[in-house]
Amino acid sequence: MNYYNVINTAAYTAALTNGVTAYRTMIQPLDHWENALGELTDEILHTTPTQQTVGSGSGVRRSVSVTVFDEGGKYSPNKNSMFWFNRKFRLWEGVRAGGDTYWQPQGVYYATHADEQNGMLTVQGVDKFGALNGE
């Protein structure tokens, strides 16, 4: 079972202290109104937060790089792709304990660059502040 934004329950606390079996990452490509168009979990190979600064004068506060296994090229970057320039995606980090996964939101990002090589798609993104300052 999947649980979203759950942090103050006995089951979540027990999962963190006793039974975490895997750490998970999920990205949800979003439409213009930020409705999820789908979920990618098993395809994600690597996630790197490239910048995590928060401050009133810092401009872009968060950026991320996500690498996805793109079997058959279904996420290939093109103007109709889920990962084209300025398309949004939501990032989730989770822990799996037993049959349950507890997901915590990590923000909504705009895709700034997408590159595919040898069946691996790398998407880089900045948080919504990036839309305001031209990142």
Side-chain angles (χ1 to χ4, degrees):
M1 177 146 249
N2 288 313
Y3 298 97
Y4 297 88
N5 298 320
V6 175
I7 56 172
N8 292 326
T9 66
Y12 180 66
T13 304
L16 291 178
T17 56
N18 300 328
V20 172
T21 57
Y23 294 96
R24 306 285 307 240
T25 301
M26 174 175 56
I27 54 177
Q28 294 175 315
L30 304 173
D31 66 13
H32 180 72
W33 297 276
E34 296 188 6
N35 297 309
L37 298 172
E39 295 180 352
L40 287 81
T41 52
D42 296 332
E43 299 94 337
I44 296 177
L45 300 174
H46 186 64
T47 305
T48 305
T50 56
Q51 182 178 358
Q52 297 278 334
T53 58
V54 177
S56 61
S58 69
V60 174
R61 297 172 308 231
R62 299 176 90 184
S63 60
V64 68
S65 178
V66 179
T67 302
V68 176
F69 178 64
D70 189 15
E71 183 178 10
K74 66 181 181 178
Y75 306 120
S76 294
N78 64 60
K79 66 180 182 176
N80 297 317
S81 169
M82 290 187 238
F83 299 108
W84 189 242
F85 180 72
N86 266 350
R87 298 266 168 88
K88 293 185 260 184
F89 62 93
R90 183 174 291 119
L91 178 68
W92 296 84
E93 295 290 333
V95 292
R96 173 165 281 207
D100 297 330
T101 303
Y102 298 90
W103 296 105
Q104 301 302 325
Q106 301 300 309
V108 173
Y109 296 84
Y110 281 95
T112 58
H113 183 72
D115 182 45
E116 184 174 29
Q117 293 181 1
N118 301 323
M120 302 295 173
L121 173 69
T122 300
V123 179
Q124 294 163 353
V126 296
D127 69 357
K128 288 182 179 183
F129 194 86
L132 297 175
N133 71 358
E135 289 288 320

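Residue numbers start at 1 and run along the sequence shown.
With values rounded to the nearest 0.5 angstrom, Asn35 atom CG is found 10.5 Å from Gln28 atom CD. Within the model, atoms CD of Gln117 and OG1 of Thr122 stand 7.5 Å from one another, a figure rounded to the nearest 0.5 Å. Distance check: Asp31 CG to Met82 CE gives 12.0 Å after rounding to the nearest 0.5 Å. Rounding to the nearest 0.5 angstrom, the gap separating the CG atom in Leu121 from the CG atom in Asp115 is 8.0 Å. Summarising the geometry, atom CD belonging to Gln104 is positioned 10.0 Å from atom CD belonging to Glu93; distances are rounded to the nearest 0.5 Å.
With hydrogens and angles disregarded, a donor-acceptor distance shorter than 3.5 Å links the side chain of Asp70 to the backbone of Ser76. A donor-acceptor contact shorter than 3.5 Å links the side chain of Arg87 to the backbone of Lys79.
Side-chain contact check for Glu116 versus Pro77: some heavy-atom pair is nearer than 4.5 Å. For the pair Phe69 and Met120, the minimum side-chain heavy-atom distance is below 4.5 Å. The closest side-chain heavy-atom distance from Ile27 to Val68 is below 4.5 Å. Side-chain contact between Trp103 and Thr41 is present, with heavy atoms from C-beta onward closer than 4.5 Å. At least one side-chain heavy atom of Arg62 sits under 4.5 Å from a side-chain heavy atom of Tyr109. Using a 4.5 Å cut-off on side-chain heavy atoms (C-beta onward), Tyr75 and Leu40 make contact.
Taking hydrophobic clusters as Ile, Leu, Val, Met, Phe, Trp and Tyr residues chained together by side-chain heavy-atom distances below 4.5 Å, Val64 does not share a cluster with Leu30. Tracing side-chain contacts under 4.5 Å through hydrophobic residues (I, L, V, M, F, W, Y), one never reaches Phe89 starting from Trp92; they form parts of separate clusters. In the hydrophobic clustering of ILVMFWY residues, with side-chain heavy atoms under 4.5 Å counting as a link, Tyr23 and Tyr3 come out together. Residues Met26 and Met1 fall into different hydrophobic clusters, defined by Ile, Leu, Val, Met, Phe, Trp and Tyr side chains chained together at heavy-atom separations under 4.5 Å.
Qualifying salt bridge (charged side-chain N to carboxylate O under 4.0 Å, His left out) partners for Glu34, counting only residues two or more places apart in sequence or in other chains: Lys88, Lys128.
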